[in-house]
There are 2 protein chains.
Amino acid sequence: DEVWEVVEEHHLEGTYAFEDFRDALEFTYEVGELAEEEWHHPDLHLQWGEVRVEMWTHKIDGLHKSDFVMAARMDRIHDDYAPE
Amino acid sequence: DEVWEVVEEHHLEGTYAFEDFRDALEFTYEVGELAEEEWHHPDLHLQWGEVRVEMWTHKIDGLHKSDFVMAARMDRIHDDYAPE
């Protein structure tokens with residue numbers, strides 16, 4: 001899984017690819033629903049064929065286990081959208 | 001309406017404020033649906049309480065009337081979410 005990298009020992013950044021705008025939009029919405037469930041809210045940058053995610057734990061201004069758990073869950077959501 | 005500014009005579013940039021993540025997410029989805037209807041797709045940067053939009057017409061690599069029409073439609077969508 002090469003989606004994610006740790007940036008400045010502070011946050012996770014990942015970029016997901018999609019076939020088109022629609023898939024990127026639906027992925028964004030699904031991840032947003034997950035963020036509300038988990039009460040852990042990444043930044044989501046949606047554009048045609050791509051969603052870039054930035055995520056960290058604001059309370060500690062850094063990375064916590066929950067960030068990596070969320071990242072893995074996003075990967076699983078993305079599996080349903082990945083281009084063949 | 002002070003949401004929008006023209007940047008480098010090339011694109012529109014606007015930032016909308018929201019009460020929370022949920023409203024920003026729902027706004028993003030509504031604007032995404034509009035983008036699909038109009039087949040004119042902005043970049044949407046969603047985070048807690050905020051959506052930043054960048055938009056231009058890729059075919060002419062600059063601004064077209066349709067960008068300003070879309071901006072006005074986003075303003076109307078945002079009216080339903082605006083904090084009191």
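Below, chains carry the letters A, B, ... as their sequence lines are ordered, and counting in each starts from 1.
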| request: Decide whether A/H11 and A/D67 meet the rule of one side-chain donor and one side-chain acceptor closer than 3.5 Å. | output: no

| remark: In short, A/D20 meets A/D23 closest at the heavy-atom pair OD1-N, 2.9 Å

| remark: Of the listed A/Q47, A/R52, A/H41, the one with the largest count of heavy-atom pairs under 4.5 Å with chain B is A/H41

| Heavy-atom pair count under 4.5 Å with chain B, highest-scoring of A/E36, A/E54, A/E33 | A/E36

| query | Are B/V53 and B/F68 grouped together when hydrophobic residues (ILVMFWY) are joined by side-chain heavy atoms under 4.5 angstrom apart? | reply | yes

| task | Please look at A/A35 and chain B and tell me whether the side chain, the backbone, both or neither of the residue comes under 4.5 angstrom of a heavy atom of that chain. | result | side chain

| Applying the 4.5 Å side-chain criterion to the ILVMFWY set and letting contacts propagate, would A/V6 and A/V3 be lumped into a single cluster? | yes

